[in-house]
Asker: 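The structure follows.
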Amino acid sequence: MPPIRPLPPGLVNKIAAGEVIERPASVVKELMENALDAGAGRVDVTVERGGLELVRVADDGCGIEPEELPLAVAAHATSKLAVEDDLFHIATLGFRGEALASIGQISRLVLRSRVSNRPEGAQITVHGGQAGQVVPCGCAPGTVAEVSQLFFNTPVRRKFLRSPQTELGHVSEAFLRVALPALQVHFTLHHHERCVCELPAGESWPQRIGRLFGRELAAGLIAVESSDGPVRLAGYVAHPALSRSTTRMQYLFLNGRAIRDRSLQHALSEAYRGLLTAGRHPIAFLSLEMPPELVDVNVHPTKLEVRFQDAGRLYSQLLSTIRRKFLATDLTTRVHPAACPTEHCAGMAAGVAGPDQPATADEHLGLPDAAAADRLREQLASWAEEQANCDLPAPGPGGAAAIGAGGGHPGQWAGQLQLTRIQRPSEPAPLPPRSIGPASAERSAAAGLLPAHHRPPSAAPRHAAPAVQIHNRYLVTESEDGVVIIDQHALHERILYEQLRQRIAGGTLEAQNLLVPEPVDLGPVERAAVMEHRELLARLGLCVEPFGGDTVLITGFPAMLANLNPADLLSGIIERLLEGRQLPDSAELLDELLHTIACKAAIKAGDRLSEEEIASLLAEREVIEDAHHCPHGRPAALVFTRAELDRRFKRT
Ligand code: ADP
Ligand code: MG
């Protein structure tokens with residue numbers, strides 16, 4: 001082993017620079033944060049070649065005294081911390097005194113600054129860590145930092161840089177993460193002299209979000225707010241129909257600083273449980289304000305991660321705030337051509353084109369510089385990776401006209417199932433005998449599931465609009481704001497799921513002993529899975545005993561599902577058990593199994609419903625939670641708003 005030696009200071013700084021400055025976007029972030037810390041009212045960011053050639057950030061903040069310029073660019077020198085104790089009450093974005101020194105170490109940095117009570121400014125240049133003399137210069141009050149030749153002396157880092165377009169994407173992202181919460185500040189971002197984005201001071205969050213991501217997203221925002229002692233949570237989450245394929249559009253700000261927090265991200269996805277299909281992620285813009293001493297921001301070089309004093313409590317606050325809001329909000333998906341994420345990219349391109357061109361889907365088509373918008377759209381798409389398909393069935397060129405199209409295949413209407421009616425809330429039904437055929441099993445599943453006292457007194461439907469069944473799978477009815485198309489299976493599945501959930505919250509599902517226990521032959525793996533989860537199955541009212549070899553005996557069955565075939569249900573559950581091996585806890589597994597049961601027991605697409613059954617489904621729809629989505633997160637209903645219909649029929 002060679003002897004141990006202290007590292008030369010230049011190398012120390014280079015290593016530190018590697019932590020803080022990863023790419024041009026990091027420079028943009030650090031310089032913008034400095035501008036905000038200096039109390040700027042306006043911050044102008046200019047980049048050339050995605051920041052690879054030049055990053056310039058100009059502000060009108062307090063400026064730096066000429067004699068302090070050498071300190072500003074020196075390592076571990078800051079005006080933001082005075083005594084050790086300050087580290088635990090950090091109210092500024094910066095505090096480590098590292099950024100300018102790090103940047104100067106690996107680029108050519110020119111810092112020009114003027115404090116307002118001086119007639120002229122002063123300038124210092126740092127190149128590869130070597131600071132020059134402070135020289136006077138003319139400049140407006142405030143500070144301009146210019147960074148060129150980034151990574152000229154760290155070829156390894158330079159190799160990791162991407163194309164200017166990709167780097168511009170990262171720069172835009174860094175820009176918006178600093179700019180979004182600072183509503184009192186006017187921001188601009190220029191690339192090659194072109195204004196990519198302008199955010200005037202004094203606008204609201206939705207207005208800023210609209211400029212950055214398009215008006216459709218801004219229109220789909222749901223405001224949330226809550227306080228828990230000194231902790232205030234406020235912001236916006238997006239309607240589930242506006243989900244994304246990545247978590248990238250989840251912006252979380254802590255005291256004005258963009259952070260990432262896995263636990264809070266998890267709380268957010270919990271809040272959307274059952275409202276998004278697998279692989280989709282919510283969009284959110286949330287801001288947390290709390291006294292600085294409740295959080296340690298000094299755990300990560302770029303301060304992206306922080307440590308909360310009471311992370312568990314914060315988790316609950318976020319989850320319950322959003323959940324409560326959702327329960328009080330009608331989340332039925334409104335069909336609108338612009339509700340597709342692809343439109344947001346278009347909207348974003350339009351939005352970042354500047355404030356004179358409001359970000360509307362229509363106007364983006366007529367952008368004066370359509371080619372530029374396309375280019376920008378490509379750039380943004382390259383980092384946003386959000387070209388995922390929209391969850392909504394596309395309205396198609398015929399749009400709403402498709403509602404009435406097609407009378408259905410005659411065969412579909414023939415030989416309809418004889419269905420018993422779904423019990424209305426006021427008429428709890430006796431459980432039908434098990435001997436009834438499988439067709440009516442589905443009805444019975446819904447029958448009298450919920451004891452009367454569980455039902456809210458307002459169980460009467462809010463509107464008694466008639467509904468028609470089309471294609472034996474959709475129910476078409478009207479609401480106050482338009483035509484509602486309901487997926488009968490998805491809705492029934494949600495109803496059953498909610499009812500099962502309420503039942504099981506009170507303990508277990510009631511089991512009915514089978515007069516003749518039913519043997520089921522399984523493979524060894526299936527049998528092991530069943531035996532491993534016997535207790536869980538018992539909670540579901542499914543009693544299973546070993547019966548020699550790989551055969552198990554079903555001795556009890558959920559009373560409320562009496563008409564489902566026990567072996568069928570068990571095999572559906574086994575499938576879930578096997579694929580859900582990695583499910584972390586039994587609560588989650590139980591929930592999965594409730595999904596399975598609800599899905600098996602619900603009426604299917606293709607089942608003809610009687611008028612009473614339709615009325616019954618619609619009545620249930622009024623009283624259960626989250627009736628707008630099936631338990632797997634697919635929409636259970638779509639609304640074609642009257643306004644949209646009027647627009648399409650050219651009535652307006
Ligand atoms: P930090 O922000 O952690 O203090 P920096 O290296 O980013 O460290 O900046 C060092 C110091 O230079 C800051 O503490 C501040 O006093 C001064 N400074 C940097 N940028 C600006 C600016 N835009 N306006 C006024 N002062 C600045
Ligand atoms: Mg700083």
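Both counts, for ligands and for their atoms, begin at 1 and track the order of listing. This chain uses plain numbering: 1 for the first residue, then up along the sequence. Owing to the predicted nature of the structure, the values given are computational and were not obtained by experimental measurement.
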Asker: Using the ring pair (Phe, Tyr, Trp, His ring centres under 6.0 Å) criterion, which residues pair with His127? Sequence neighbours excluded.
Answerer: Phe152
Asker: May I ask you to say whether Arg23 pairs ionically with Glu167, meaning some side-chain N is under 4.0 Å from a carboxylate O?
Answerer: yes
Asker: Looking only at distances, please establish whether an N/O atom of ligand 1 is found under 3.5 Å from an N/O atom of Asp37.
Answerer: no
Asker: May I ask you to check whether Phe285 and Tyr251 place their ring centers less than 6.0 Å from one another?
Answerer: yes
Asker: Between Glu203 and Arg211, does any NZ, NE, NH1 or NH2 come within less than 4.0 Å of an OD or OE carboxylate oxygen?
Answerer: yes
Asker: Short N/O distance, under 3.5 Å, between Phe95 and ligand 1?
Answerer: yes
Asker: Heavy-atom contacts under 4.0 Å between Ile64 and ligand 1: side chain, backbone, both, or neither?
Answerer: side chain
Asker: Please enumerate all residues that pass ring pair (Phe, Tyr, Trp, His ring centres under 6.0 Å) together with Phe151, with sequence neighbours excluded.
Answerer: none
Asker: Identify the closest protein heavy atom to atom 7 (O) of ligand 1: which residue and atom is it, and at what distance?
Answerer: Asn34 ND2, 2.8 Å
Asker: Ligand 1 and Ala101, any nitrogen or oxygen pair closer than 3.5 angstrom?
Answerer: no
Asker: Are Glu146 and Arg108 close enough for a salt bridge, meaning some N to O gap below 4.0 Å?
Answerer: no
Asker: At under 4.0 Å between heavy atoms, is it the side chain or the backbone of Val57 that contacts ligand 1, or both, or neither?
Answerer: neither
Asker: Is there a nitrogen or oxygen of Gly97 sitting under 3.5 Å from a nitrogen or oxygen of ligand 1?
Answerer: yes
Asker: How long is the straight-line distance from CD of Gln317 back to OG of Ser226, given to the nearest 0.5 Å?
Answerer: 4.0 Å
Asker: Between Glu225 and Arg232, is there a salt bridge with N-O shorter than 4.0 Å?
Answerer: yes
Asker: Check this for me, if you would: do Glu67 and Arg118 make a salt bridge, where the nitrogen-to-carboxylate-oxygen distance has to be below 4.0 angstrom?
Answerer: yes
Asker: I'd like to know if Ser102 contacts ligand 1, where contact means a heavy-atom distance under 4.0 Å to any ligand atom.
Answerer: no
Asker: Should Ala99 be counted as touching ligand 1, given the test is an N or O pair under 3.5 Å?
Answerer: yes
Asker: Around the Mg ion (ligand 2), how many protein N, O or S atoms are found at less than 2.8 Å?
Answerer: 1
Asker: Please write down residue, atom name and distance for the protein heavy atom closest to atom 15 (C) of ligand 1.
Answerer: Ser79 OG, 3.4 Å
Asker: So how far is it from Leu93 CG to Lys29 NZ, rounded to the nearest 0.5 Å?
Answerer: 8.0 Å
Asker: In chain order, what residues pass the ring pair (Phe, Tyr, Trp, His ring centres under 6.0 Å) check against Phe326, with sequence neighbours excluded?
Answerer: Tyr272
Asker: Hey, is Glu30 one of the residues with a heavy atom under 4.0 angstrom from ligand 1?
Answerer: no
